[in-house]
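Beneath this line is the structure, given in C-alpha cells, with notes to follow.
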Amino acid sequence: MRETVLAKGELATIVIVTTDAGTEVLDGEDELLESHPEDRHAEILARYLAEGWEIEEDGP
C-alpha cells in the first residue's frame, strides 16, 4: 500500500491511496474523487503536482 497526502493552501487536502485493488483519490472529507482498478499512483501524483499541490506526506 502507498499513501500520499497532498495539500494546497492551509485547508485543501487530497489523499492518493494505492493498494492491490487499485488507486483511489479522496478529498479531505474522505469523499471519493477518482477510482482506478490499476496502480496509477505516479500518474495521478504528477498531475496534482503540476496543478500546484504539494506533498505533505508520502509513504507506505
query = If Ile, Leu, Val, Met, Phe, Trp and Tyr residues are connected whenever their side-chain heavy atoms lie under 4.5 Å apart, and connections chain through other members, are Leu49 and Val5 in the same group?
reply = no
task = Can you establish whether the number of heavy atoms outside Leu11 located under 6.0 Å from its atom CG is more than 12?
result = no
ask   = Looking at NE2 of His41 and CE of Met1, how far apart are the two atoms once the value is rounded to the nearest 0.5 Å?
value = 10.0 Å
remark   = Rounded to the nearest 0.5 angstrom, the CG-CD1 distance for Leu26 and Ile14 is 9.5 Å
request  = Pick out which of Thr4, Asp39, Ile44, Leu45 makes a side-chain contact (heavy atoms from CB on, under 4.5 Å) with Thr18.
outcome  = Asp39
message = Other residues, nucleotides and ligands only: do more than 12 of their heavy atoms fall within 6.0 Å of CD on Glu54?
response = no
query = Between Arg47 and Glu34, what is the shortest heavy-atom contact and its length?
reply = NH2-OE2, 2.7 Å
query = For the residue pair Glu56 and Ala7, what are the closest heavy atoms and their distance?
reply = OE1-CB, 3.4 Å
query = Is any side-chain heavy atom of Arg2 less than 4.5 Å from a side-chain heavy atom of Asp58?
reply = yes
task = Would you please test Thr13 and Asp27 for side chain to side chain contact (heavy atoms under 4.5 Å, CB included) and show each step?
result = CA-CA 6 Å; Thr13 302; Asp27 69 9; over 6 Å; no
message = Within the structure provided, determine whether Ile55 and Leu6 are in side-chain contact (heavy-atom separation under 4.5 Å).
response = yes
